[in-house]
Protein chains: 2
Amino acid sequence: MDVTDTDLVLDAVGEPNRRHLLELLHDQRESTVSHLVDASGMRQPQVSKHLKVLANAELVSVRTDGRFRHYRLDGRGLQVAHDWFSSFDDVWHARFDTLDELVSTDPNPDQAEEHLR
Amino acid sequence: MDVTDTDLVLDAVGEPNRRHLLELLHDQRESTVSHLVDASGMRQPQVSKHLKVLANAELVSVRTDGRFRHYRLDGRGLQVAHDWFSSFDDVWHARFDTLDELVSTDPNPDQAEEHLR
DNA sequence: CGATTGCATTCCTCTAGAGGAATATATACG
DNA sequence: CGTATATATTCCTCTAGAGGAATGCAATCG
């Protein structure tokens with residue numbers, strides 16, 4: 001069981017505070033650690049540690065400027081995750097197809113909703 | 001900090017064995033627990049427990065048939081996750097835009113790759 | 001009916017990893 | 001220089017939750 005990119009990315013995103021950091025980074029083009037500390041309410045060491053995990057999954061990248069580190073979102077990791085979920089798109093396509101079918105053919109749509117999800 | 005649908009879904013997916021179950025369910029339209037036990041190599045109680053977490057996040061649904069439970073993917077949870085990552089699509093669009101720009105204007109693309117990610 | 005099968009649940013244990021405090025390191029500033 | 005600031009890292013603690021064994025509970029089979 002080797003750890004793939006997808007594993008790295010989805011493991012990293014599977015933590016609420018890290019998702020919060022990603023959302024904060026989405027607003028500002030670029031953020032320093034201290035800004036993320038203020039905005040997130042977490043303590044500085046936690047922010048740095050979470051950022052390390054995110055960077056390792058290529059979900060964020062860093063630019064060093066003096067004693068500042070400017071973090072920003074990294075499209076590579078984000079796209080890996082997006083693609084993984086996209087591979088399931090047939091599931092919700094099937095969902096709408098079935099719904100269309102029901103609406104157009106079933107005179108009593110209250111029944112037979114088994115597994116229409 | 002209330003737990004949203006997105007939190008429920010991404011927390012659930014943030015576990016390798018649960019992702020494995022989702023992938024197994026993607027192949028077969030529908031699977032019993034015992035089939036998932038065989039296919040995953042996990043023990044029955046773990047499979048049942050993971051399925052419970054997935055069902056709670058609306059990532060799978062169940063159909064009961066006698067003493068069998070037929071699980072299948074649920075488009076609702078999958079789409080919640082997909083949508084969350086889609087909201088970041090501007091990040092990788094920006095990435096390709098910048099790449100296009102470099103390719104078309106920069107005579108020496110080996111430099112200045114800072115943050116092109 | 002008893003035995004078996006399919007699955008859920010309970011209880012226990014154990015570990016990964018999140019959080020906290022202190023410290024290290026590097027840069028800037030006076 | 002010494003001091004302050006920005007961030008990373010180390011070490012420790014503690015808890016959520018993953019895994020295992022046993023059990024509960026229906027439904028089916030003979």
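A, B, ... follow the sequence lines: proteins, then strands. Residue 1 opens every chain.
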Report task. Establish, with yes or no, whether the OP1 or OP2 oxygen of C:dT9 is under 4.0 angstrom from a side-chain nitrogen or oxygen of B:Lys52. Result -> yes
Between A:Asp5 and A:Arg76, does at least one N-O distance fall below 4.0 Å, as a salt bridge requires? no
Between the main-chain N or O of B:Val13 and the side-chain N or O of B:Arg19, is there a donor-acceptor pair closer than 3.5 Å?
-> yes
Hits for ring-ring contact (aromatic ring centres under 6.0 Å, His included) against B:Phe88, two or more places apart or cross-chain, chain-then-number order -> A:His26, B:Trp84
**Item:** N/O (side chain, A:Arg69) to phosphate O (OP1/OP2, D:dA8) under 4.0 Å
**Value:** yes
Residue-phosphate contact under 4.0 Å: B:Tyr71 side-chain N/O, C:dA8 OP1/OP2: yes
Sequence neighbours excluded, the answer for side-chain contact (heavy atoms from CB on, under 4.5 Å) partners of B:Asp65 is B:Arg63, B:His70
A:Asp38 atom CG is separated from D:dA6 atom C1', nearest whole Å, by 12 Å
Do A:Asp11 and A:Arg18 meet the salt-bridge criterion of a basic N to acidic O distance under 4.0 Å? no
Contacts of B:His35 meeting ring-ring contact (aromatic ring centres under 6.0 Å, His included) (sequence neighbours excluded), chain-then-number -> none
Counting primed atoms, P, OP1 and OP2 as sugar-phosphate and everything else as base, the B/S/- map of nucleotides 17-30 of chain D against protein heavy atoms under 4.0 Å is -SBBBB----BS--
Pairing string of DNA chain D (Watson-Crick or G-U wobble, both atom distances under 3.5 Å; | = paired to other strand) is ||||||||||||||||||||||||||||||
Worksheet item: Short question: side chain of A:Gln28, backbone of A:Glu30 - any donor-acceptor pair under 3.5 Å?
Response: no
A:Gln44 meets the side chain to side chain donor-acceptor pair (under 3.5 Å) criterion, sequence neighbours left out, with A:Ser48
Taken to the nearest whole Å, CG/B:Leu51 to C1'/C:dT9 is 14 Å
